There are 2 protein chains.
Amino acid sequence: MPSPAASSSATAPDPADATSGSATFSPLYRQIKGLITQRLGEGEWRPGEMIPSEMDLAARFKVSQGTVRKAIDELAAENLLVRRQGKGTFVATHHEPRAQFRFLRLVSDDGEIGHAESRFLECKRVRAPSELARQFEIKAGEALVMVRRLLLFDQRATVLDEIWLHGALFKGLTGERLADYKGPMYGLFESEFGVRMISATEKLRAVSADEESAGLLGVATGSALLSVERLSHTYGERPVEVRRGLYVTSHHYYENTLG
Amino acid sequence: MPSPAASSSATAPDPADATSGSATFSPLYRQIKGLITQRLGEGEWRPGEMIPSEMDLAARFKVSQGTVRKAIDELAAENLLVRRQGKGTFVATHHEPRAQFRFLRLVSDDGEIGHAESRFLECKRVRAPSELARQFEIKAGEALVMVRRLLLFDQRATVLDEIWLHGALFKGLTGERLADYKGPMYGLFESEFGVRMISATEKLRAVSADEESAGLLGVATGSALLSVERLSHTYGERPVEVRRGLYVTSHHYYENTLG
DNA sequence: TAGTGGTCTAGACCACACG
DNA sequence: GTGTGGTCTAGACCACTAC
């Protein structure tokens, strides 16, 4: 790692970075941000834990506190870290209730939260077909875990999910473990498998329910359903999950904000 | 406006704000941000124009340049302003191509942009029914403008929009003006009516096409369509537009990112 | 060359949480 | 009281743009 500390002689901003050939310089605070992100990915500070104080980090990286602050500012804006005044800066976790709604944008018409229940239908290991392999950036035929589950809100079947997970990262995952776990699925992934979902992109379409889906969701065959195809990433933009959800939107809607 | 300049005597951080009774203090940079936003709303600096330099603003508001910078940072993050190194800071506008995709999240399956065409079907003044009045925060019966249009991508009818606009703000709007205008609709609103869309919330559902919509969109009655209900705001969170779009998602999808 | 935003630093003080 | 993040300031220098 190139020492971020500026030498006292004012010349030569040290363009030797040795990473990717030429181009793309980044300011000091972004390098610090990268170092922190790297440590987060390595698990040096785990979800829910406090990271060292800004002063500590500044001393460690040999930069000023303000530079560390700007790095942390961006990481907090990206929801990787959470600042708490008077207490410290913490690694974000899917166990805080606050984090749930970042990944489930379905809202009830009446605004109430209500009772939620998860029913696991299937959990098996499969070989990646080429289309999924492409999304996971692995070779076709490598191992994946496939999970199917039904989500009920207030006793009403609302979401039918088909989930594929990176096989190498989710070795011991079974339907039993999923069913026994109390709390959000991404909380389990984080606590039990050390895989934290950071970001995702979703593609939404309206589709007609086929017979099987309609049966499981308790709607008529051919009903309009919202199809949500998600690709999720962990630290460093590494794809680790693909899911395809079918949402019943007669009593719920998918909320999005443009800004 | 309360003078943000700190008196040299170090005591009393001047909690008298006289705005809303008690509670909610905001740091200096947020007050500056508010003052800038207010001027933007008043049209002192118009879309596309350059605002005064950070040094100018700092002198004007009697704060340090760093404080102005932090205010502008947030406004830039919210896409109200655009910074251009070496040139200045500019008021964001819907005329930059960059701004279009912030409000139309529909993407073609093949990733191409292609040819886009807008056909205006209807434009008339109506009295607000109570449901719309509630969303506009006006009284039922007040004037609205209603527009219906069809959006075609590569000659294929893809979006059927029904748009309601705040009547008082869009007095001279006619179907002819809409049809004659080259460029994005929000660009017209901004240039011709001085109303700039800042943010919006959308509610998405899957619905079945009724006979009329299906006819206009060239799909079978009962087909699954993506319904997108949008409430848009201008400066100061003031609601100025409601629209309901029906999207054909057989060759396009609605893209969203979670982070 | 002059003016703009962008980065980095250093120090002071404030607001909050906890023992 | 001590330690944390949060704010504000002031000054130096860099990078980019235009004239």
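In this text the structure is predicted, and so the values were computed from the model without any measurement. Below, read A as the first sequence line, B as the second, and so on, with proteins coming before strands; counting in each chain starts at 1.
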Rounding to an integer number of Å, can you tell me how far B/M55 CE sits from C/dG5 C1'? 11 Å
Do B/R196 and B/Y186 meet the cation-pi criteria used here (NZ or CZ under 6.0 Å from the six-membered ring centre, within 45° of the axis)? no
Measuring to OP1 and OP2 of D/dT17, would you say a side-chain N or O of B/R84 lies under 4.0 angstrom away? no
Roughly how far apart are B/R102 CZ and B/N79 CG, rounded to 0.5 Å? 4.0 Å
Take the protein atom CZ of A/R30 and the nucleotide atom P of C/dG6, then report the distance between them rounded to whole Å. 12 Å
Can a side chain N or O of B/T67 be found less than 4.0 Å away from OP1 or OP2 on D/dT9? yes
Rounded to whole Å, please give me the gap between CG in A/L81 and P in D/dT4. 16 Å
I want to verify a distance call: between C/dA10, D/dG5, D/dT9, whose nearest atom is closest to the B/S64 side chain? D/dT9
For A/R69 and D/dC8, what is the distance between atoms CZ and C1' respectively, to the nearest whole Å? 12 Å
In Å and rounded to the nearest 0.5 Å, what is the CG to CZ distance from B/N256 to A/R230? 10.0 Å
From CD1 of B/I72 over to P of C/dT4, roughly how many Å is that when rounded to an integer? 12 Å
Identify which nucleotide among C/dT9, D/dG5, C/dG5 has an atom closest to any side-chain atom of A/R83, counting heavy atoms from C-beta outward. D/dG5
Residue pair A/G66/B/Q85 against DNA chain C: nearer the 5' end by closest nucleotide is B/Q85
Of the options C/dT4, D/dT9, D/dG5, whose atoms approach the side-chain atoms of B/L28 most closely? D/dT9
Nearest-0.5 Å distance that lies between atom CD in A/E192 and atom CZ in A/F189: 11.0 Å
Upstream residue (5' side of DNA chain C) when A/K87 and A/K70 are each assigned their closest nucleotide: A/K70
Distance (rounded to the nearest 0.5 Å) between A/L169 CG and A/T234 OG1: 8.0 Å
Given C/dC8, D/dA10, C/dG5, identify the nucleotide with an atom nearest to the side chain of B/T89. C/dG5
Reading DNA chain D from 5' onward, which residue's closest nucleotide shows up sooner: A/G88 or A/Q65? A/G88
